[in-house]
Amino acid sequence: MTISKGFLRDRFVVQRARLISGLLLWIIGSYILYAFFYCFREVFRVLTVDLGQQPLLVLNKKEIFLYNLFYSALATSLGYMFALRFILSYSITGQTARQRLIVRHTLNDADFFSWSFLFWLGKFLSTLGIIYISFPLQYDIAFLKEFPLLLVLIPLVVFFSTWPRLIRVVGINKYKWLGISLGVFFLLSFGFAFKNFTDSQAINHNMLKNKVEYSYKFNVPRSQSFQIPDNRFQVIDIYVVNDSLPNSKPLIFFGDVYSKVDLGEINEKVKTERERLEELRGGRVAIFLHMDMNIKHEFLSHLNYQIRKAGQLRILYSTVPKYSKYPASYPAFKHSGIRYSLKEYYPEFEAFLDSAEKLDLSKYSIRIPDSPMYRVISVKKHNRIAIDVDKYETRLNGKVITPEKLKEIVYLLIKKYSPDYVIIFNPAPQITYNTYIEHLDLIYSQIHRLKNEMSIEQYAKPYEDWSRWDEQRDTINSNYPTNIVEWTVEEKRLIELMKKANIH
């Protein structure tokens, strides 16, 4: 009789039928757990929108597959633990006392680790779910980019958790057992990862189809200076995007993609919505203009004209903070931007222009007195500069200037003459909204710089730290007001009329 290696060790014998049953249990259990994890993710994505009013967590195809792979590997690891318990517990009869003791210890360890892991996994997912519903955490934590090793190690740790005890059970067959079980583990993990139980892209479409940002290519400009409206204001969102068809006019949406309006309808639409908000919630109303950066300033002028005719003067131009780590889709940026005050609209002033433009100025003379209806005369009483911006260059009082030099002159003008200063801002009709915001931001950033300097010098506190109820903030604002004059459509007509009449 030949003596083989390990003949003194007790051999753990498992029936082939038991192994086949355990393998089937492993496959079926892993598949059910994977389906649960997958559906949990999709339900979680929907609940963050429905319950938490947070932005939808959108995953691309690559991210979906990698998360599927993590879920399937984790499910396969847990399925392996349950299958192992089935195989060992029903194969314990007929073994030696020593083998039965080792098997019981192995099962106890497997049970303890499995249920402890599931307990802490449940607590972690519950906590993470509450946080995700409360805050847009996907913009701060990117598991695939920041913790890829963790996602790889968790399933492997679960899979190998019983191995220190299991090698004593299988004995000399440990490498064979390890090789076969690892092969099945990787085969199931990668095989399940290709299975999608829902159409994630369809869910994305159904959840986002009413949002203009999803339905149209939409790029928001960035700015160094920005404000967020406080709770006193009710916000009306107006979106302006470029149509996908070439040579077509920009599209205007009032709140969502289902409320498309024409330019001529903005007047009545703003009036109706403002009255509704004031009656429903009270407080003041502000227009928040979300405009694509490539739209021409000429369209913005016509839009502002219609908004002014509706009696709405408070407007905020949507921008993204210039040096922020967050993307433009970050929800806190939706209502951040440059606060701007429009000039009040006077129908009698426009009626006067209609009449005056019909006169033969070679026979009749007209007189243009100072009036609150326009600013063409009153700005001459203040220290002022004129900034002209077109597609090719920026000019200060008619001379070409670089942005850095312009920034310095704006700063010195306001510091020396404020509050008795005026900056006349003349953007050309053909410049883009992005160029318009860049130059407007240049002026605003210098005003904010001076406010901050005064706050630190007099109160040893940054300007941003003051609340709107603090007297110090009011004092700083009164010392450095925002005196920017951008001619309205009517004022441009008046300037042309004055040139024809030789009125200076």
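We use all heavy atoms of the structure for the numbers below, so side chains are in, but hydrogens, waters and symmetry mates are not.
No side-chain N or O of Tyr444 forms a donor-acceptor pair with one of Gln227 less than 3.5 Å apart. Checking Asn68 against Arg41 by side-chain atom types alone, a donor-acceptor pair falls below 3.5 Å. Under 3.5 Å, the side chains of Tyr411 and Glu453 contain a donor-acceptor pair of N or O atoms. Under 3.5 Å, the side chains of Tyr239 and Asp292 contain no donor-acceptor pair of N or O atoms. Donor-acceptor pairing under 3.5 Å is recorded for the side chains of Asn477 and Lys451.
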| request: List the steps, then state whether ring pair (Phe, Tyr, Trp, His ring centres under 6.0 Å) holds for Phe40 with Phe197. | output: CA-CA 11 Å; Phe40 177 82; Phe197 296 93; over 10 Å; no
| task | Before giving the answer on side-chain contact (heavy atoms from CB on, under 4.5 Å), spell out for Lys343 and Arg308 the whole-Å C-alpha distance, their side-chain angles and the decisive distance to 0.1 Å. | result | CA-CA 7 Å; Lys343 180 74 176 69; Arg308 289 173 50 239; 4.2 Å; yes
| Pair Phe147-Ile154, side-chain contact (heavy atoms from CB on, under 4.5 Å): steps then yes or no | CA-CA 11 Å; Phe147 309 105; Ile154 288 178; over 6 Å; no
| said: Show, in sequence, the C-alpha distance, side-chain angles and deciding distance for Asp109 and Phe113, and conclude whether the side-chain contact (heavy atoms from CB on, under 4.5 Å) test is met. | reply: CA-CA 6 Å; Asp109 285 354; Phe113 188 89; over 6 Å; no
| request: Apply side-chain contact (heavy atoms from CB on, under 4.5 Å) to Glu438 and Asn434, showing your working. | output: CA-CA 6 Å; Glu438 284 178 351; Asn434 187 53; 3.4 Å; yes
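Minimum interatomic distance between Leu69 and Ser189 (heavy atoms only, all atoms of both residues): CD1-O, 3.8 Å. When all heavy atoms are compared, the tightest approach of Ser77 to Val158 is CB-CG1, 3.6 Å. When all heavy atoms of Ile437 and Pro221 are compared, the pair lying nearest together is CG1-CG, 4.0 Å. Scanning both residues, Val235 and Leu277, for their nearest heavy atoms gives O-CD1, 4.2 Å. Contact between Arg45 and Ser200 at its shortest, heavy atoms only, is NH2-O, 3.6 Å. When all heavy atoms of Val270 and Ile236 are compared, the closest pair comes out as O-CD1, 4.5 Å.
No side-chain heavy atom of Asn267 sits under 4.5 Å from any side-chain heavy atom of Tyr345. Side-chain contact between Glu273 and Asp237 is absent, with no heavy-atom pair separated by less than 4.5 Å. In this structure the side chain of Phe254 never reaches within 4.5 angstrom of the side chain of Glu265, judged on heavy atoms. Residues Leu166 and Leu178 are not in side-chain contact: their nearest non-hydrogen atoms beyond the backbone lie 4.5 Å or more apart. Contact of the Leu47 side chain with the Phe44 side chain is not registered, since no non-hydrogen atoms from C-beta on lie closer than 4.5 Å. Side chains of Asn304 and Glu486 form no contact here, defined as non-hydrogen atoms less than 4.5 Å apart. Side chains of Val410 and Ile387 form a contact here, defined as non-hydrogen atoms less than 4.5 Å apart. Taking the side chain as every heavy atom from C-beta outward, Tyr38 and Thr198 approach each other to under 4.5 Å.
Looking at Ser72, its side chain never comes within 3.5 Å of a backbone N or O of Tyr34 through a donor-acceptor pair. At least one donor-acceptor pair under 3.5 Å links the side chain of Asn60 to the backbone N or O of Lys62.
The line from CG of Leu59 to CD of Gln201 is 9.0 Å long, rounded to the nearest 0.5 Å. Taking CZ of Arg85 as the start and OG1 of Thr106 as the end, the distance is 11.0 Å to the nearest 0.5 Å. From Arg449, atom CZ reaches atom NZ of Lys415 across 8.0 Å, with rounding to the nearest 0.5 Å. To the nearest 0.5 Å, the span separating CG on Asn452 from CH2 on Trp466 amounts to 11.5 Å. Of the inter-residue distances, the one linking Leu316 atom CG with His290 atom NE2 reads 9.0 Å to the nearest 0.5 angstrom. The distance from the NE2 atom of His302 to the CG atom of Leu263 is 7.5 Å, given to the nearest 0.5 Å.
The local environment of NZ in Lys461 is crowded, with over 12 non-hydrogen atoms from other residues, nucleotides or ligands closer than 6.0 Å. Summarising the local packing, NZ of Lys249 is surrounded by 12 or fewer heavy atoms from other residues, nucleotides or ligands at distances under 6.0 Å. More than 12 heavy atoms of other residues, nucleotides or ligands lie within 6.0 Å of OH in Tyr326, so this atom counts as buried by the packing criterion. The number of heavy-atom neighbours closer than 6.0 Å to CD of Glu464, taken from other residues, nucleotides and ligands shown, is above 12. For Glu457, the CD atom counts as loosely surrounded, since its 6.0 Å shell holds 12 or fewer non-hydrogen atoms of other residues, nucleotides or ligands.
Below 30°, between 30° and 60°, or above 60°: for Tyr340 and Tyr317 the angle between ring planes is between 30° and 60°, a tilted geometry. Below 30°, between 30° and 60°, or above 60°: for Tyr463 and His448 the angle between ring planes is above 60°, a perpendicular geometry.
Here the rule is side-chain contact (heavy atoms from CB on, under 4.5 Å) with Ile27, and of Leu188, Leu187, Val184 only Leu188 fits it. Tested against Phe253, the residues Tyr258, Tyr214, Tyr216 include a single ring pair (Phe, Tyr, Trp, His ring centres under 6.0 Å) partner, Tyr216.
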Would you give me the side-chain donor-acceptor pairs under 3.5 Å for residues 114-139, sequence neighbours excluded?
residue, atom, partner, partner atom, Å
Ser114, OG, Ala110, O, 2.7
Ser116, OG, Phe112, O, 2.7
Ser126, OG, Gly122, O, 2.8
Thr127, OG1, Lys123, O, 2.9
Ser134, OG, Ile130, O, 2.8
Gln138, NE2, Pro55, O, 3.2
Tyr139, OH, Ser329, O, 3.2

Could you pull out all donor-acceptor pairs under 3.5 Å where a side-chain atom in residues 421-433 meets a protein atom, sequence neighbours excluded?
residue, atom, partner, partner atom, Å
Tyr421, OH, Pro481, O, 2.5
Tyr421, OH, Asn483, N, 3.3
Asn426, OD1, Trp487, NE1, 3.4
Asn426, ND2, Asp388, OD1, 3.2
Gln430, NE2, Glu298, OE1, 3.3
Thr432, OG1, Thr435, N, 3.2
Thr432, OG1, Thr435, OG1, 3.0

Which pairs would a plain distance check flag for residues 206-213, meaning a side-chain donor or acceptor within less than 3.5 Å of a matching protein atom at least two apart in sequence or in another chain?
residue, atom, partner, partner atom, Å
Asn206, ND2, Ala202, O, 3.2

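Shown here are the side chain to side chain donor-acceptor pair (under 3.5 Å) partners of Ser225, two or more places apart in sequence or in another chain: Asp441. For Arg314, there are no side chain to side chain donor-acceptor pair (under 3.5 Å) partners, not counting sequence neighbours.
Among residue pairs with one or both ends in residues 59-81, those qualifying as ring pair (Phe, Tyr, Trp, His ring centres under 6.0 Å) are Trp26-Tyr80, Phe65-Phe194, Tyr80-Phe159; sequence neighbours excluded.
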